[in-house]
Amino acid sequence: MAAKLNEIILHNTLSNRVEPLAPIHPGEVRIYTCGPTVYSFAHIGNFRTFIFQDVLRRFFRLRGLRVLQVMNITDVDDRIIHNAAAASVPIREYTEKYVRAFLEDIDALHIEMPEELVRATDHIDDMVTLIEKLQAKGLTYSSDGSVYFRISKFPDYGKLSKIDVSGMQAGARVDVDQYEKDDARDFALWKSPKPGEHFWETRIGMGRPGWHIECSAMAMKYLGDTIDIHTGGVDLAFPHHENEIAQSESATGRPFVRMWLHSEHLIINGQKMSKSLGNFYTLRDLFAKGYKPSTIRFLLLSVPYRRQLNFTEDGLVQAKNSVERLRNFVARLKAEQFAAGSNPEIEKRIEKAEGEFDAGLADDVNTARALAAIFDLVRDVNAAMDRREFLQQNAPRTVAAMEKFDSVLALLVDDDDEKLRLLGIAPRKPQLPVSQIEGLIEERNAARRSRDFKRSDEIRQQLSDSGILLEDSKDGSVRWKYK
RNA sequence: GGCGCGGUCGCCAAGUGGUAAGGCAAAGGUCUGCAAAACCUUUAACGGCGGUUCGAUUCCGCCCCGCGCCUCCA
């Protein structure tokens, strides 16, 4: 299916095909995103998914759509309760550190804050209310103080993941939690506490919410019974999203989500990322190894979201150099002097690129196509500049186009060192104050004017040792940038 | 086994029923005091076997290979 003019098509897991986006509320897209479980630092794979939904929402906004996005933070689950108990701290205190780290991480990657970032533990009452609704409809049963959803009461179960649950016999599998269930397929809405575990005292008894109910409760609270888009990693389609559908649609009698968007996983050097293989990276691990936030953002967004991304050292190098090319281009546009006038051919060329960029993203967020549109433009405009066919009035227009692209990509601003500093990661090179950098450049210019190239090269080397690269341009000006 | 995602130049990755974008890397050149940046040129790819078709990388079938999910998991 090809997108019609101005149409945005997206692959819907529910139908397993691409469909045009048609928001329920005209002009506004409502999105629910499964956020992190804060039992530890988020890993690089998580951020692939988060960067995908970030690109998605940024593209919607570029299209003039309003975005209302809710992301949950799962700050209660078995691992959190276990780890907090082991550390002898309240769960809120235990998770706080990782919530903060997550916020810092998404900031470093230029992932926009969703309109609502909500914590599960702030919505226990909403979950209890939803469970009561299901209980009132006779869709649940209790066992040892826990409440389960009876899947046999929801005939559509499996419609998202296309998993045939009829083969999952009662008792065929042992639930990891060792709770008593009537049917292996049933899942917990509410879990009774084991001795010493954290619990809430509620109308449905003591305990804590199941994982799935929190997303249903929070999604519907903020976005309504039926929401436009629900995003998450492919692994969540079953059982998490399937269970969300069962609970939500049973409670409301209405479709829960119109479009399910699932991003494929990241694999590392061709293998699944796992702790046992020792290829498990957090963002901070990569930053500590010297990789920049913008490098990681580029790599993670450059591969379309429905394609598995093989994360390699080589890929990082390629990503870094690609970002450099884009930044060099904008720096040249801003620094170089061009002859007066405006070349209408350039204007047309920019419009073509804008059209291609938009068409790429409108085609199921095909970031590879969108990037190709930009790189095509970069090459053509660079060539025009070299041929002196690029004129003064073309520059602001071209910069504006690049900034428009960057409202989605968020790669151009060179704030990598600043972001790393915010994370407490020291720069690898000694930092020079800008005034000193500029002073040294001035001194080097003087040396060059007097053809003292030995001195001029010394200064260039000195700056290079501090992580500063110089570029002498044709018109005599000197640009500098961080490596 | 069921359900998915893939296999396109050295690497990453678009795309199309009429022999194929873009990025990175490589080689040569232009520019430069030298670099850097940029540009130009060059190199080079559709897993295999059948089928449909005038014609398939693109559609269909089978096979091979990689990865994922099938109640921890983005």
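What you see is a predicted model, and the numbers here were worked out from it, not measured in a lab. To find a chain, count down the sequence lines: A is the first, B the second, and so on, and within it residues start at 1. Values reported hereafter were calculated over all heavy atoms of this structure, with side chains retained and with hydrogens, waters and symmetry mates removed.
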Starting from C1' on B:A25, measure out to CG on A:Leu316 and report it in whole angstrom. 15 Å
Does A:Phe453 stack onto the base of B:G33, taking stacking as ring centres under 5.5 Å apart and planes under 30° apart? yes
B:A13 phosphate, OP1 or OP2: any side-chain N/O from A:Arg307 under 4.0 angstrom? yes
NA contact type, A:Met71, heavy-atom cut-off 4.0 Å: base, sugar-phosphate, or nothing? nothing
Quick check for you: among B:G33, B:A38, B:A21, whose closest atom lies nearest to any side-chain atom of A:Ala372? B:A21
Options B:A74, B:C39, B:C72, nucleotide nearest the side-chain atoms of A:Arg79: B:C72
Phosphate-side-chain proximity, A:Asn310 and B:C11, N/O vs OP1/OP2 below 4.0 Å: no
Closest approach to the side chain of A:Asn366, judged atom by atom: which nucleotide of B:A14, B:A38, B:A74 is it? B:A14
Watson-Crick/G-U partner (both atom distances under 3.5 Å) of B:U71: none
Using the 3.5 Å cut-off, write out each protein N or O paired with an N or O of nucleotides 65-68 of chain B and the distance between them.
| residue | atom | partner | partner atom | Å |
| --- | --- | --- | --- | --- |
| B:C67 | O2' | A:Gln308 | OE1 | 3.0 |
| B:C67 | O2' | A:Gln308 | NE2 | 3.4 |
| B:C67 | O2 | A:Gln308 | OE1 | 3.0 |

Between A:Lys320 and A:Ser294, is there a side-chain donor-acceptor contact under 3.5 Å, judged purely by atom types and distance? no
For B:A37, does OP1 or OP2 lie under 4.0 Å from any side-chain N or O of A:Asn328? no
So, under a plain 3.5 Å distance rule, would you say the side chain of A:Arg460 forms a donor-acceptor pair with the base of B:A35? yes
Taking NZ, NE, NH1 and NH2 as the nitrogens, is one of them in A:Arg258 or A:Glu19 under 4.0 Å from a carboxylate oxygen of the other? no
With a 4.0 Å cut-off on heavy atoms, is A:Gly315 in touch with a base, just the backbone sugar-phosphate, or nothing at all? nothing
Would you say A:Glu244 and A:Ser216 are linked by a side-chain donor-acceptor pair, where the criterion is simply a distance under 3.5 Å? no
Show your reasoning for whether side-chain contact (heavy atoms from CB on, under 4.5 Å) applies to A:Ser322 and A:Phe375. CA-CA 9 Å; A:Ser322 300; A:Phe375 282 109; 4.1 Å; yes
From CG of A:Asp472 over to P of B:A36, roughly how many Å is that when rounded to an integer? 11 Å
In the strands shown, is B:G66 matched to any nucleotide by a Watson-Crick or G-U wobble pair with both distances under 3.5 Å, and which? B:C5
Euclidean distance for P, B:A20 against B:A44 (whole angstrom): 13 Å
Considering non-hydrogen atoms only, spot the tightest contact between A:Asn394 and A:Asn343 and give its length. OD1-N, 3.0 Å
Closest nucleotide among B:G33, B:C24, B:C40 to the A:Ala383 side chain: B:C40
Give a yes or no on whether the ring-centroid distance for A:Tyr98 and A:Tyr39 is below 6.0 angstrom. no
Do A:Thr13 and A:His262 have side-chain N/O donor and acceptor atoms under 3.5 Å apart? yes
Out of B:C72, B:C5, B:A36, which has the shortest distance to the side chain of A:Arg306? B:C5
Considering every strand shown, what is the Watson-Crick or G-U wobble mate of B:A38 when both distances are under 3.5 Å? B:U30
Return the nucleotide paired to B:U19: Watson-Crick means purine N1 to pyrimidine N3 with N6-O4 or O6-N4, wobble means G-U with N1-O2 and O6-N3, both under 3.5 Å. none
Using only heavy-atom distances, decide whether a donor-acceptor pair under 3.5 angstrom links the side-chain of A:Ser456 to the base of B:G33. yes
Just by distance, no angles: are the side chains of A:Tyr94 and A:Asp75 close enough, under 3.5 Å, to form a donor-acceptor pair? no
Do any side-chain nitrogens or oxygens of A:Arg325 fall under 4.0 Å of OP1 or OP2 in B:C39? yes
